[in-house]
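Following: one structure in structure tokens, then a few remarks.
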Amino acid sequence: MRYNKAFIPTLREVPSEAQAISHQLMLRAGLVRQLSAGVYSFLPLGWRAMQKVMHIVRQEMDAIGGQEFYFPALNPIEIWHQTGRVESMGEVLFHIKNREGLVLAPTHEEVVAFHARQHVKSYKDLPQIWYQIQIKFRNEPRPRFGVLRGRQFTMKDSYSLDDSWEGLDSSYEKHNYAYQRIFSRCGLHFFVVGASSGAMGGSASQEFMVESPAGEDTCAVCASCNYAANIEVARSATEPTARLPESQYLERFPTPGVHTINDLVYGHGIPEERCAKALLYIVDRGPVLILLRGNDELNEAKLQAALGTISVRPAAPEELRAYTGATAGSIGPIGLPVSLPVIADERLRDANELVSGANADGYHYRHIDLMRDCRIDMYADLRTVQEHEPCPQCRSPLRIVRAIEVGHIFKLGTKYSEALGATFLDEHGQERPIVMGSYGIGIERIVAAFIEQNHDERGICWIPSIAPLQVHLIALGLEQSKAVHDAAEQLYQELWTNGVETLYDDRSETAGVKFNDADLIGLPLQLIVSPRNVESGVVEIKERRSGKRHHVASAEVVPVVQRLLKYLSQEPQSVIFP
RNA sequence: CGGGGCGUAGCGCAGCCUGGGUUAGCGCGCCUGGUUUGGGACCAGGAGGUCGUGGGUUCAAAUCCCACCGCCCCGACCA
């Protein structure tokens, strides 16, 4: 690729709309351009990087027995109605306006189940792993961070079809294995977290996360022992509120002006761990009283999981008054005007000598004994884990980090096969629904996440496996020196002849411009051909990431380049949590 | 959808508020010629603008008013 004729519009300045580093660098290095919010064109260099990633994905998917398909993005809405996802996806699903009955597919469970229904009839047809690399359309309410959250993006999605839950376990493990290899080969430092199954239905689910400030997920990770979990399910080894030997008489006392736990702690000298914070939530239209210890923060995802519904929201002030007779900060489990279901955090299990609101503004109760004075309908893990809390496995301090979800593996079960009637006959002639799994990888996200993790102040630092090209050949003083011109041209030919993908900067730019563009684009190796190098019969090789330089005799260049590329390709130590 | 910000040349911005009238300006980039050539060179000349769109006020609008559109950020949402 000759730079002079290539379309590589590098930018010296940072476009103002780009916040995330990957977004800035993808624009500056000429990898992508925005077309509209959440919609990006991939330019030649960006597309080459994408193709490198897809190549790795294909190799690893094929290695676990995956068969590549190419499903349509245009889907009949009918199959989406059958699984109830027209409603559940809501605004996220793009509808075609001038053609009734078509939608743009945000994922392909329905299509897979449709074809499985057509042709998978016997247990002898199973198992299957079907995958594709295809464009997905999701009407994201808020696209952001460049290609990290777009309205259209490229996904490798695969679907396993099995005749049993044991078979699903095996397909799931194969994907787990393939994903570890894919992300490692793409040079990502990643970790795996257990995830909540959310609205997809199904049982087990794991997310492959790349730590980055541009991430949209929050995770708790332990540096010592490999514990990692999405904040939605993360736990920590915090102390429970100890049950004291004696419960004193329940007592209502005045607390004028007290609205927060800190008011109780600092204004009334009540230890924080003896405070029971009460929240009122509306769950599936009914009110539920929630008790947390002290300043613990409710995690709504955990609440959803505990109650088995996604419909939860904090009560409005009017609702609070109607159900408790008090305003926020003065509610509690004792003295409710009407009986409400009460769900308390595990940390408060069977605790006593607690202080909580009296359901009357300006009053609290003390000496509350949850076993004696209230009916707790359920204890559950409801609190949000905080930074520095002890790891549940090894008690080292947890870190709370932002992370990019680059992959997700999912045990779906039979939800989609049942909805679409995708059944098979087992060895006893019994008709049963196919057991499905679904597995996604965001291709653009791999590229962006890699850049988030592999850049310096000058630009991107690619590794050979996903670099757009391997070598950046820089010729200096091209127009002054025929020797340089001839040497560079010859080297360029030689490199490509030997299969080394080379970008040849044959522009008549100054050295500084060429060096800066080369560092910005960040191909793993830079070869510098200049008058002084040519004169001494050498070519200078610079490793982009480390900055190490080698002066190599012209005849040795290609083999040395090949050796260096091989060396730089050694899989980095990835953080893998099985 | 709620809150905030922005929209002026390819990119980054000033001008607007706080005097409505300027040839609408600066840096980078681009074109021509020349000098340069190891870390974003220099000189000279030049091209490039529906000031987001529509309406209103006014003798006169980039500037004031209204509406709309687009983009960005925070939040809500996110298999």
Side-chain angles (χ1 to χ4, degrees), chain A residues 9-20 23-24 27-28 30 33-39 80 83-85 87-93 105-110 136-146 148-151 153 155 157 159 195-202 205 207 214-218 230 232 300-301 304 310 312-314 404-405 407-412 415-416 436-440 442 457-459 474-481 484 505 507-520 526 528-535 540 542 547 549:
Chain A
T10 56
L11 301 175
R12 188 178 299 197
E13 292 173 283
V14 180
S16 58
E17 75 269 14
Q19 306 294 316
H23 189 194
Q24 296 175 355
L27 290 169
R28 287 191 57 215
R33 282 297 179 268
Q34 179 172 334
L35 187 58
S36 78
V39 182
W80 288 83
T83 55
R85 287 171 110 194
E87 295 72 34
S88 67
M89 304 224 47
E91 287 294 304
V92 172
L93 186 65
T107 171
H108 283 79
E109 281 82 7
E110 278 77 0
K136 297 284 187 278
F137 295 92
R138 293 184 192 180
N139 186 15
E140 295 290 348
R142 188 179 158 205
R144 67 187 115 178
F145 297 139
L148 278 172
R149 173 166 294 267
R151 291 210 167 105
F153 57 95
M155 185 186 230
D157 46 325
Y159 305 89
S196 75
S197 345
M200 271 291 267
S205 160
E207 292 167 335
E216 296 191 86
D217 288 86
T218 305
N230 194 305
E232 295 179 356
E300 291 191 4
Q304 292 171 337
I310 56 166
V312 306
R313 63 171 175 86
I404 298 165
E405 178 189 345
H408 198 160
I409 58 178
F410 222 109
K411 290 185 186 175
L412 279 184
K415 173 177 170 177
Y416 298 92
M436 291 176 61
S438 122
Y439 316 88
E457 61 290 342
R458 309 194 62 82
I474 301 166
L476 300 181
L478 254 184
E479 280 158 352
Q480 286 63 240
S481 164
V484 166
D505 194 340
R507 298 174 300 173
S508 49
E509 291 285 355
T510 59
V513 171
K514 292 189 178 190
F515 286 140
N516 279 299
D517 275 337
D519 287 345
L520 176 59
Q526 297 171 9
I528 301 155
V529 177
S530 67
R532 71 185 192 205
N533 285 336
V534 168
E535 201 165 312
E540 184 176 340
K542 176 186 156 190
R549 290 172 193 268

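Chain naming here is simple, since letters A, B, ... match the order of the sequence lines and numbering starts at 1 in each.
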Please work out if [X] contacts a base, only the sugar-phosphate, or nothing of the nucleic acid, heavy-atom cut-off 4.0 Å.
X        : answer
A:Ser36  : sugar-phosphate
A:Val92  : nothing
A:Lys136 : nothing
A:Arg313 : nothing
A:Arg28  : base
A:Glu540 : base
A:Gln34  : sugar-phosphate
A:Pro9   : nothing
A:Pro141 : base
A:Glu17  : sugar-phosphate

Exercise. How far does the P atom of B:G25 sit from the matching atom of B:G49, given to the nearest Å?
Worked result: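 My reading of the P atoms in B:G25 and B:G49 gives 13 Å.
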
Problem set entry | Nearest-Å distance once atom C1' is located in both B:G48 and B:C65 |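 Looking at atom C1' only, B:G48 and B:C65 are 32 Å apart.
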
For the pair made of [atom1] in [X] and [atom2] in [N], what is the distance, rounded to whole Å?
X        : N     : atom1 : atom2 : result
A:Phe515 : B:U37 : CZ    : C1'   : 11 Å
A:Leu27  : B:G12 : CG    : C1'   : 14 Å
A:Arg142 : B:G5  : CZ    : P     : 15 Å
A:Asn516 : B:C28 : CG    : C1'   : 14 Å
A:Arg507 : B:G40 : CZ    : C1'   : 11 Å

Exercise. Taking the side chain of A:Arg549 as its heavy atoms from C-beta onward, which of B:C71, B:G38, B:G75 lies nearest to it?
Worked result: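 Nearest to the side-chain atoms of A:Arg549, counting from C-beta on, is B:G38.
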
Problem set entry | Closest to side chain of A:Arg532, choosing from B:G12, B:A76, B:G38 |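 Closest nucleotide among those given: B:G38.
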
Look through every strand shown and name the nucleotide pairing with [N] as Watson-Crick or G-U wobble, where both distances are under 3.5 Å.
N     : result
B:G70 : B:C6
B:C13 : B:G25
B:U50 : none
B:G45 : B:C31
B:G75 : B:C1

Exercise. Pick the nucleotide of RNA chain B nearest each of A:His23 and A:Gln480; which residue has the one closer to the 5' end?
Worked result: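 Looking at RNA chain B, the more 5' nearest nucleotide goes with A:Gln480.
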
Exercise. Mapping A:Glu13 and A:Glu140 to their closest nucleotides on RNA chain B, which lands nearer the 5' end?
Worked result: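 Mapping each residue to its closest nucleotide by heavy atoms, the 5'-most match is A:Glu13.
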
Problem set entry | Electrostatic pair A:Glu109:A:Lys415 at N-O distance under 4.0 angstrom |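 Looking at A:Lys415 together with A:Glu109, the answer is no, because their closest N to O distance does not fall below 4.0 Å.
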
Please determine whether a side-chain nitrogen or oxygen atom of [X] lies at a distance below 4.0 Å from atom OP1 or OP2 of [N].
X        : N     : answer
A:Gln19  : B:C74 : no
A:Arg12  : B:G12 : no
A:Ser16  : B:C13 : yes
A:Ser530 : B:G38 : no

Can a donor-acceptor pair under 3.5 Å be found between the side-chain atoms of [X] and the base atoms of [N]?
X        : N     : result
A:Arg144 : B:G75 : no
A:Glu509 : B:G40 : no
A:Asn533 : B:G38 : yes

For this session: Count the heavy atoms belonging to other residues, nucleotides or ligands that lie under 6.0 Å from CD of A:Glu91, then report whether that count exceeds 12.
Result: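 At most 12 heavy atoms, drawn from other residues, nucleotides or ligands, come within 6.0 Å of this atom.
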
For this session: Using side chain to side chain contact (heavy atoms under 4.5 Å, CB included) as the criterion, point out the one residue from A:Glu509, A:Arg12, A:Arg507, A:Arg28 that pairs with A:Asp517.
Result: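 Between A:Asp517 and the candidates, side chain to side chain contact (heavy atoms under 4.5 Å, CB included) is satisfied uniquely by A:Arg507.
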
